[in-house]
Every structure is written in C-alpha cells, then in structure tokens.
Amino acid sequence: LLGPINKINMFIETYPKGMAGFKRYIDFLETAPEIADRPEAKNIEVIEGDITFNNVSFGYTDKERTLNNIHLKVRPGETVALVGPSGAGKSTICSLLPRFYEVSEGTIKIDGIDIRDFKLQSLRAHIGIVQQDVFLFDGTVRENIAYGDLQASEEDIWHAARRAQLEEVINALPEGMDTLIGERGVKLSGGQKQRLSIARIFLKNPKILILDEATSALDTETEKAIQQALNELSIGRTTLVIAHRLATIKDADRIVVVSKKGIIEEGTHDELMNIQNAYYGLYTAQFGLQI
Ligand code: ATP
C-alpha cells in the first residue's frame, strides 16, 4: 500500500487548482514542467508562517502578465481574505506560494527565506489547501483522512475527524471508519467531502493555510459545520482565504482587494466599508445596501 499512497500523497501536494479527477491529474503530471529544487535548497522543518510577496509579477504565458508588482505581507497567524472580481488573480497569488507556478519577477518569502530555497516537499509540507474539488481515493474513511501519513494513530485520526465536525457522519456510515469511500464505495456529499479534506489538514498540521472558498451553495446546516471547522482550523495558522462570498470573510483580520492592476485596497471590513471605495462596491453589489 505504501507505494500507491505515497504517490497519491505527492500527487495531491502538486494538485493544481481547477483540475478534477485522477485522469486529468495524471495528464498534468506528465505535462507539467518540473519545478526542480535548487542545489542549495534545504529542508526547513519549523516555520512561524510569516509570508511576504515582494514585487511579484507573474504570467501564465510570456505574452500576458496576470499579476503585476504584488506586495503583500501576512504576519504569522493572521487571516487575510483576498477579494476582487473574477479573473483578478486571487487564485494565482495563492498558487505561487506552494510553487505550482514560479514567479516571473520578485520574490516570495516565508519567514524571510525565499520559497525557492526550501526543498519543494518541505515547502509544501507547511501548506494546507482546502478547495472545492476534494480528491478521494478508493479506500476507507480512515485511509482517506490519514492520506498517506503512516505515522497517524487511530487516536490522531479520530481527533482530526472530530475537529472537522465529521464524527457523527462517520458513526452513521455502515462500517464507520472502515467504510469504503471513493469511486467504488459509499458516495459522500459535497459538504462531507469538504470536511474530510479539513480533517486531513488537521492531521497534517501545517502552519500555512490556503482556503479556496466554495462558491456552490451548501445547505445552511452543512455550511455552518464547515465554517466552524474552518474557523477552528485557521487558529494559530497564517491563512489566505480566496473569498467569493463576502459574508464569510467579514471577520478576517485583513481584507485585500485584488484587481487586474494589483492590490488596490487593504483593511478590515469596517475600515473598507467606511472609505466607500472598491470593497464597498463589491459588498453592496452582493448584499444591497442593508449592511
Ligand atoms: P475567480 O474569482 O474567478 O476564481 P481569480 O481572481 O481567482 O478568479 P485567477 O483564477 O487567478 O483569478 O485568474 C487570473 C487570470 O489568469 C484569469 O484571466 C485566468 O483566465 C488566468 N488563468 C488562471 N489559471 C490559468 C492557467 N492555468 N493558465 C492560463 N491562464 C490562467
């Protein structure tokens, strides 16, 4: 089992945004340019989680720049929400941090160390990503939560499941933790899958979190459970939230408005509402004027 699980683990660590399913992932692995470790790259075991984007520019192609001169500093433990119109580059900013893509110019540092000076595996070990598309492999709930971590004890796995609000869901399954899920097993709902991916991250315990907020509507109960799990998950971790629905990020420590021109506004919800500029415009467009 070790072989395939390690492979899956590595594949999820390199899993880019917007790709669903094994087949497409394999396509990606076969075509993606290798991001190689620099010869002097190190394993950096412990980090505080301080993130700095310094003058970062990036284009998916040589012809067009998606990001121009991004400056962003996130303190350890801080939650920063990225908001802005579709296509502004919120996801792109986040995908540069685990080095799914390389910056064209500028530097990204964690704790003052250029991310290219981390061994890729060590860099990605510090980053947990929660996204809409959750990859489940054919195996038990336990295996899917442990996700290749052979050191994880039964107690650790249950602890992660509880914190992700999954205990009742698992107890209601025909064979509890031993229930087979994935393509050939019990189908979990979207909300349950999302909580399973949150449980994985509790177990992995990274210092940095990227939350790609769901756009699809979940029922209120599920949404509450997920929001509660995410709130708990982000405690003590530096968190970047790619926000689509502004109601969920009102309490973020800081909100950063991204536009095609770069970062155009930063502040708390109240500060940005008071200045009645870009964020105010996005917010009132979503909610009308009753605030
Ligand atoms: P949304 O709110 O819709 O998720 P976003 O602000 O997260 O948008 P990005 O997904 O970062 O924006 O996209 C920024 C720009 O980069 C868009 O013009 C998009 O079409 C382009 N883009 C995103 N991913 C790729 C890719 N893999 N290859 C080429 N272009 C891409």
Side-chain angles (χ1 to χ4, degrees), residues 11-21 23-35 51 53 55-72 74 79-106 108 115 124 127-135 190 194 197 208-218 226 230 239-250 252 254-266 269 272 277-287:
F11 125 13
I12 285 156
E13 304 289 350
T14 51
Y15 188 66
K17 184 199 176 220
M19 306 193 85
K23 168 76 175 58
R24 279 208 270 163
Y25 186 77
I26 296 297
D27 290 347
F28 170 75
L29 274 190
E30 283 169 359
T31 55
E34 273 296 309
I35 292 186
I51 301 171
F53 281 67
N55 212 16
V56 168
S57 298
F58 170 76
Y60 287 98
T61 62
D62 293 337
K63 288 198 193 97
E64 204 184 350
R65 281 279 163 95
T66 299
L67 301 177
N68 282 299
N69 307 100
I70 297 290
H71 286 274
L72 179 66
V74 191
T79 294
V80 168
L82 304 177
V83 307
S86 179
K90 304 179 291 293
S91 308
T92 305
I93 292 176
C94 292
S95 64
L96 295 178
L97 192 60
R99 288 180 70 202
F100 291 148
Y101 302 97
E102 295 285 37
V103 298
S104 310
E105 271 171 45
I108 302 175
I115 56 171
R124 291 179 182 174
I127 304 173
I129 304 177
V130 181
Q131 50 186 179
Q132 275 172 273
D133 294 327
V134 177
F135 175 77
Q194 193 118 54
S197 78
I208 296 173
L209 207 58
I210 296 173
L211 306 182
D212 190 350
E213 196 195 53
T215 40
S216 49
L218 296 163
I226 291 176
L230 290 177
T239 306
L240 287 175
V241 187
I242 303 168
H244 298 285
R245 286 168 310 150
L246 303 181
T248 52
I249 50 96
K250 268 171 95 169
R254 191 149 44 104
I255 296 168
V256 168
V257 183
V258 184
S259 84
K260 292 224 156 105
K261 292 187 209 132
I263 291 173
I264 53 170
E265 225 169 83
E266 282 186 52
H269 171 81
L272 297 183
N277 208 332
Y279 178 75
Y280 178 85
L282 291 167
Y283 198 85
T284 48
Q286 263 189 27
F287 298 102

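Order of appearance sets the numbers: ligands from 1, and atoms from 1 within every ligand.
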>> Would Ser86 count as a polar contact of ligand 1, with the cut-off being nitrogen or oxygen pairs under 3.5 Å?
In response: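 Min N/O separation from ligand 1 is below 3.5 Å for Ser86.
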>> Taking the side chain as everything from C-beta on, heavy atoms only, tell me whether Phe58 gets closer than 4.5 Å to Ile70.
In response: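 No, side chains not in contact.
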> Does the side chain of Thr92 come under 3.5 Å of the side chain of Tyr101 through a donor N or O and an acceptor N or O?
Replying inline: no
Going by the atom numbers of ligand 1, which of them fall below 4.0 Å from some non-hydrogen atom of [X]?
{"X": "Thr92", "answer": "9 (P), 11 (O), 13 (O), 14 (C)"}
{"X": "Tyr101", "answer": "27 (N)"}
{"X": "Thr66", "answer": "14 (C), 15 (C), 16 (O)"}
{"X": "Gly89", "answer": "5 (P), 6 (O), 9 (P), 11 (O), 12 (O), 14 (C)"}
{"X": "Pro85", "answer": "6 (O)"}

Proximal candidate to [atom] [heavy atom criterion; set [options]]:
{"atom": "atom 26 (C) of ligand 1", "options": "Phe100, Phe58, Tyr60", "result": "Tyr60"}
{"atom": "atom 18 (O) of ligand 1", "options": "Ala88, Gly87, Ser259", "result": "Gly87"}
{"atom": "atom 4 (O) of ligand 1", "options": "Glu64, Arg65, His244", "result": "His244"}

> Which residue pairs satisfy the salt bridge (Lys or Arg N to Asp or Glu O under 4.0 Å) criterion with at least one member in residues 79-101, sequence neighbours excluded?
Replying inline: Arg99-Glu102
> Got a sec, which residues hit ring pair (Phe, Tyr, Trp, His ring centres under 6.0 Å) with Phe53, two or more places apart in sequence or on another chain?
Replying inline: none
>> What verdict does the side-chain contact (heavy atoms from CB on, under 4.5 Å) test give for His269 and Ile255, after you've listed the backbone C-alpha separation in whole Å, the side-chain angles of each residue and the deciding distance to 0.1 Å?
In response: CA-CA 7 Å; His269 171 81; Ile255 296 168; 3.9 Å; yes
> So, does Gln286 use its side chain to make a donor-acceptor pair with the main chain of Leu246 at under 3.5 Å?
Replying inline: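 Checked: pair present.
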